[in-house]
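Let me begin by presenting the structure, written as structure tokens, before commenting on it.
Chain identifiers are assigned alphabetically (A, B, ...) following the order of the sequence lines, protein sequences preceding nucleic acid strands; residue numbering begins at 1 within each chain. As a basis for the values below, the full set of heavy atoms in this structure was taken, side chains included, without hydrogen atoms, waters or symmetry mates. Note that the coordinates shown come from a computational prediction; the quantities given were computed from them, not determined experimentally.
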Protein chains: 2
Amino acid sequence: MADLSIDVVAREAGVHRSTVSRAFSRPEAVKAETREHILRVAEKLGYTMSPLAQALRRKTSTLVPLIVPDITNPFFAELAKTMTEAAGERGYQLMLCVTNGDDVQTAGYLTAMQSLYAPFGIIAPSTRVDIDALMQFDFGQRLVVIDRVDQNAGVPTVTVDSRRGIELAFEHLRSLGHRRIGYVSGIAGTHTAQDRMDAYRDLAEGEPIVLDSGADSEAGGRAAAHFAAMADRPTAIIAANDMVAFGVISALASRGFRVPEDVSVVGFDGLALGARFNPALTTVRQPIADMGSIAIELAEKKAADGSAGHIVLEPELLVRASTAGPRP
Amino acid sequence: MADLSIDVVAREAGVHRSTVSRAFSRPEAVKAETREHILRVAEKLGYTMSPLAQALRRKTSTLVPLIVPDITNPFFAELAKTMTEAAGERGYQLMLCVTNGDDVQTAGYLTAMQSLYAPFGIIAPSTRVDIDALMQFDFGQRLVVIDRVDQNAGVPTVTVDSRRGIELAFEHLRSLGHRRIGYVSGIAGTHTAQDRMDAYRDLAEGEPIVLDSGADSEAGGRAAAHFAAMADRPTAIIAANDMVAFGVISALASRGFRVPEDVSVVGFDGLALGARFNPALTTVRQPIADMGSIAIELAEKKAADGSAGHIVLEPELLVRASTAGPRP
DNA sequence: CTGAAAGCGCTTACAG
DNA sequence: CTGAAAGCGCTTACAG
């Protein structure tokens, strides 16, 4: 397999290099039998074209970056998984780039992808990155943004309707009989965290009860402490996302509060992990797989006609074991 | 930034293209002031070298694939996270490749990485892939294997001492007073699952109690059902990994068994997620970050002198809230 | 439909 | 220490 290039295939097949190139890249431009012969020879030799050389010549590759702040966050892991498939089906090769929410890292990836001739990229930004700054990069123009609404820059976006999601959680809880419903923000890193919090404040009847609004992994612990210290406790809690819900339930349990007997908890995301939590988590599901494939479509559309679509998907309620009626 | 190539920098700096190349790639081969001048001009123009063109010419790149079966498994996610950093520090660019445990996908990645001139790769194989078959690929010779012992092919490996890990779990449980200690295998996908099971059988005093040995995500549920149906139940359970432990605890809880009051559970992996589980999981920690950087070192060592090192790391017990003494 | 030529952006012996 | 030349593995107008 050493030194297998287009020229050795050409020689072996008795044609010119350019004909071999066409046989692979523009089959309709080659006589059928010539092409078949070339392909057979290539197959026999075990030849495949060098994507490197192709990208250099064509000035475009099939490498598509997915830029996320943290892959150990299961939301991004699930996104990465489904997008790998969505990209593969369309002939792209997804390249996962993890930034840790860092501006400089993000910028580094953008210039790298530019020089790798990536046709476009998908970014799920953390709050710490400034989209407008990203747009200063050449590659910024070819980005589509997931999970963050940003209409002002001609950037295509795909998000889930945060307000509708919080509404679903409220409807479910109220139908169970809950009236005092608290909220825990926490592990931010995404702009949707803010949208969800806003929706909660709008939809809460009476006084909103925000147990914690921190953005770190200790939010659950603080929320539980706050809850324990309250005189008039809420009977149910909505968490800004599933990871926060896990933390809240766990911290609540270590203080002796049982879910859902003592207090109901609803998450937001619909992570597969939630089904295996103790108790299995009732949550608002985001259609993660759809987000991935739609992001790719938006990117292709923008490349084709310059249009920046903004797709908002509908969330869905997943009722499991972390919610029940309030104590009589 | 359009059409910025080595030649425009050369022209602007008044030197030959080859001098610009050296200024970047072999600084000691250029007179200091020439180099500084070139670098200044490049900086002003916003020029960086094309990694594509470099790889094509040098026949080696800095792209290092990390091949894992499933990124939504937090073990692989944590591995990916720490390896991204370890690779970055050494001047490599980690490229995450997700196979879903599929042979064909894996093979596809190997040929792709070969044609991208990757210097080496790291693979955390699922049980379904045959390492020996992988070695048939040119790129197979440049692989280092994580979490799977495989001495027979000159492949470097880095693993954790499974037997020692299980031993730690037993020691902890026995010191708490447990005598009947069960085991749940499950979510395999890794060869270490087998090693851990073997260690359990060896170390169990009296009759081993294997509650479930399945390899799917339902293992927890079946194990809990089995447990509930037993006359003489174990007072503690060791799970083959943290994800299985989560499933077992959750399924146990839904049948009314409380952890650790009714039964203690120990996991294996040391996932960050375990600290936020309900209850926080006692577990055998694998030094995931070390595994990543050692894998890279082994790969570099093999590239340098052809040697295939086999590193076995020590696990460590993390005592949290899922274990306690047995019911009196 | 096929071939010959130029060139994508680099590197690296080889001279000087 | 620097330059000129050849070449990595391809693609794509341009002829024929």
Notebook entry, point to check: Across all strands shown, which nucleotide pairs with C:dA4 by Watson-Crick or G-U wobble geometry, both distances under 3.5 Å?
Noted result: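 Its partner is none (no Watson-Crick or G-U wobble pair with both distances under 3.5 Å).
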
Check: Which one is paired to D:dA13, where only Watson-Crick or G-U wobble pairs with both distances under 3.5 angstrom count?
Finding: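 Result: none.
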
Can you tell me the distance, in whole Å, between the [atom1] atom of [X] and the [atom2] atom of [N]?
X: A:His16; N: C:dA5; atom1: NE2; atom2: P; value: 8 Å
X: A:Leu56; N: C:dC10; atom1: CG; atom2: C1'; value: 8 Å
X: B:Leu52; N: C:dT11; atom1: CG; atom2: C1'; value: 15 Å
X: A:Arg26; N: D:dA13; atom1: CZ; atom2: P; value: 8 Å
X: B:Ile38; N: D:dG3; atom1: CD1; atom2: C1'; value: 12 Å
X: A:Arg35; N: C:dC1; atom1: CZ; atom2: C1'; value: 12 Å
X: B:Arg11; N: C:dG9; atom1: CZ; atom2: P; value: 11 Å
X: B:Lys31; N: D:dG3; atom1: NZ; atom2: C1'; value: 14 Å

Which listed nucleotide ([options]) is nearest to the side chain of [X]?
X: B:Val15; options: D:dT11, D:dG3, C:dG9; result: D:dG3
X: A:Ala53; options: C:dC1, D:dC8, D:dC10; result: D:dC10
X: B:Ile6; options: C:dG9, D:dC10, D:dT2; result: C:dG9
X: B:Arg57; options: D:dA6, C:dC8, D:dG3; result: D:dA6
X: B:Arg22; options: C:dT2, C:dG9, D:dT2; result: D:dT2

What contact category does [X] fall into here, base, sugar-phosphate, or nothing, at under 4.0 angstrom with non-hydrogen atoms?
X: A:Tyr47; result: sugar-phosphate
X: B:Ser21; result: base
X: A:Ala55; result: nothing

Looking only at side-chain N and O atoms, does [X] come under 4.0 Å of OP1 or OP2 in [N]?
X: A:Lys59; N: C:dG9; answer: yes
X: B:Gln54; N: C:dT11; answer: yes
X: B:Thr19; N: D:dT2; answer: no
X: A:Tyr117; N: D:dT11; answer: no

Margin query: Set out, in order, the CA-CA distance, both residues' side-chain angles and the distance that settles side chain to side chain donor-acceptor pair (under 3.5 Å) for A:Gln54 and A:Tyr117, then state yes or no.
Written below: CA-CA 11 Å; A:Gln54 291 190 121; A:Tyr117 297 117; over 6 Å; no

Check: Is the shortest side-chain N to carboxylate O distance from A:Asp7 to A:Arg11 below 4.0 Å?
Finding: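 Here A:Asp7 does not pair with A:Arg11 in a salt bridge, since their nearest N and O are not under 4.0 Å apart.
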
Item checked: Salt-bridge present (B:Glu297, B:Arg90; N to O < 4.0 Å) ->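 Result for this pair is yes, salt bridge flagged.
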
Check: Is the side chain of A:Ser307 donor-acceptor paired with the backbone N or O of A:Gly309 at a distance under 3.5 Å, no angle test?
Finding: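 Absent.
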
Note to self: Closer than 3.5 angstrom, by distance alone: can the side chain of A:Asn100 be matched with the main-chain N or O of A:Asp102 as a donor-acceptor pair?
What the structure shows: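 Not a single qualifying donor-acceptor pair exists.
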
Next item on the list: Start with the C-alpha gap between A:Thr99 and A:Val68, add the side-chain angles, then the distance that decides, and say whether side chain to side chain contact (heavy atoms under 4.5 Å, CB included) holds.
Entry: CA-CA 6 Å; A:Thr99 65; A:Val68 300; over 6 Å; no

Note to self: Heavy-atom nearest nucleotide on DNA chain C for B:Ser5 versus A:Ser18: which residue maps closer to 5'?
What the structure shows: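 Of the two residues, A:Ser18 wins.
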
Next item on the list: Find which nucleotide of DNA chain C each of A:Thr34 and A:Arg17 is nearest to by heavy atoms, and output the residue with the more 5' nucleotide.
Entry: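 Here A:Thr34 is the residue nearer the 5' end.
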
